[in-house]
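Only this structure's heavy atoms are used, side chains among them; waters, hydrogens and symmetry mates stay out. Keep in mind the model is a prediction, meaning the values are calculated, not measured.
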Amino acid sequence: MVVVGRAADPVLRSGAADGDTLWVTGRLGGPATAITAWELGETPDAVARDRFVGPKPRVSEAQWLRDAGAKALIDLSDGLVADAGQLAAASGVACVVESAHVPVHSSADEEAALLGGEEFELLVVMPGDVRADLGAGFEHTFSLPLTGIGHVESGSGVRVLKAGVPLKLNGGFRHFGS
């Protein structure tokens with residue numbers, strides 16, 4: 001199957017710069033938690049299952065973020081750390097994520113939130129001087145959290161910190177069935 005289309009005024013992965021801030025929509029890790037349960041022959045938590053089988057593309061949310069000044073944007077289909085790495089590479093910068101700020105889905109743990117994929121949530125880069133009420137305005141509009149999770153700096157790759165100390169992560173996300 002081939003899909004052809006065009007986007008008006010897209011926000012690319014390549015617009016992040018030193019001093020910008022990192023934000024995510026929603027709460028992360030639900031789909032990965034459901035997949036893990038199925039792979040273990042278990043029944044996943046209903047909320048986690050629904051996040052996997054009933055994803056909600058964040059198109060209106062992405063347009064709102066673009067209009068609010070988003071400089072770079074990517075969906076989290078491969079997981080927060082992997083997709084932050086793609087954004088960092090496209091922009092020629094480093095992404096620094098503070099794990100304590102990452103919003104974790106009620107059925108998930110920190111590792112699933114950081115590494116789990118199959119998300120329809122967004123990682124967005126906003127200018128460093130973004131309005132303090134950005135998250136509140138987003139949540140008021142969409143009934144969905146928008147959470148600041150880190151910053152962009154010169155360099156390359158992704159660093160995940162826990163209380164300022166680099167966090168060692170085990171592996172990465174593998175799409176369901178692969």
Do W64 and V130 sit in one hydrophobic cluster, given that two such residues count as connected whenever their side-chain heavy atoms are within less than 4.5 Å of each other, even indirectly? yes
Do the non-hydrogen side-chain atoms of L161 and V96 ever get within less than 4.5 Å of each other? yes
For the pair T33 and D45, evaluate side chain to side chain contact (heavy atoms under 4.5 Å, CB included) and give the outcome as yes or no after the intermediate values. CA-CA 8 Å; T33 300; D45 173 88; 5.7 Å; no
V11 versus A70, closest heavy-atom pair with distance: CG1-O, 4.1 Å
Rounded to the nearest 0.5 Å, how far does NE2 of H101 lie from OG1 of T147? 10.0 Å
Less than 4.5 Å apart, any side-chain heavy atom of L76 and any of E121? yes
From CG (D20) to CD (E153), nearest 0.5 Å: 12.0 Å
For the atom pair OG (S99) and CD1 (I149), what is the distance rounded to the nearest 0.5 Å? 10.0 Å
Walk me through whether V125 and L22 qualify under side chain to side chain contact (heavy atoms under 4.5 Å, CB included). CA-CA 5 Å; V125 176; L22 298 172; 3.8 Å; yes
Any chance the side chains of S77 and E119 put a donor and an acceptor closer than 3.5 Å? no
Closest non-hydrogen atoms of K162 and L167, given as atom of the first, atom of the second and distance, are CD-CD1, 4.1 Å
What pair of heavy atoms forms the shortest contact from H105 to A48, and how long is it? CE1-N, 4.2 Å
Within-4.5 Å side-chain heavy-atom neighbours: I35 and E118: yes
When hydrophobic residues are tied together by side-chain contacts of less than 4.5 Å, even through go-betweens, does L87 share a cluster with V160? yes
Are the aromatic ring centres of W38 and F52 under 6.0 angstrom apart? yes
Is the shortest heavy-atom distance from the side chain of V102 to the side chain of L80 under 4.5 Å? yes
Rounded to the nearest 0.5 Å, what separation is found between the CG atom of L73 and the CG atom of L12? 9.5 Å
So, for T21 and P127, which heavy atoms are closest and what is the spacing to 0.1 Å? OG1-O, 3.5 Å
So, for A94 and S154, which heavy atoms are closest and what is the spacing to 0.1 Å? CB-O, 3.9 Å
Specify the closest pair of heavy atoms between V93 and A16, including all atoms of both residues, with the distance to one decimal. CG1-O, 3.7 Å
What verdict does the side chain to side chain contact (heavy atoms under 4.5 Å, CB included) test give for V124 and T25, after you've listed the backbone C-alpha separation in whole Å, the side-chain angles of each residue and the deciding distance to 0.1 Å? CA-CA 8 Å; V124 60; T25 62; 5.7 Å; no
E111 versus L114: any side-chain heavy-atom pair under 4.5 Å? no
Rounded at 0.5 Å granularity, tell me how far CG in L115 sits from CD in E110. 9.5 Å
Is there a chain of hydrophobic side chains (I, L, V, M, F, W, Y, each step under 4.5 Å between heavy atoms) that links F142 to M126? yes
Within one Ile-Leu-Val-Met-Phe-Trp-Tyr cluster: L122 and L144, side-chain cutoff 4.5 Å: yes
Do any N or O atoms from the side chain of D109 and from the backbone of A112 form a donor-acceptor pair under 3.5 angstrom? yes
In this structure, CD1 of I74 is separated from CD of Q86 (nearest 0.5 Å) by 4.5 Å
Please check if the side chain of D78 supplies one atom and the backbone of G117 the other of a donor-acceptor pair under 3.5 Å. no
Single-linkage hydrophobic cluster, 4.5 Å side-chain cutoff, L169 and V97 together: yes
Just do the side chain to side chain contact (heavy atoms under 4.5 Å, CB included) check on W23 and L65 with the steps written out, would you? CA-CA 10 Å; W23 299 72; L65 291 162; over 6 Å; no
Counting distance only, does the side-chain N/O of S156 pair as donor-acceptor with the main-chain N or O of A88 below 3.5 Å? no
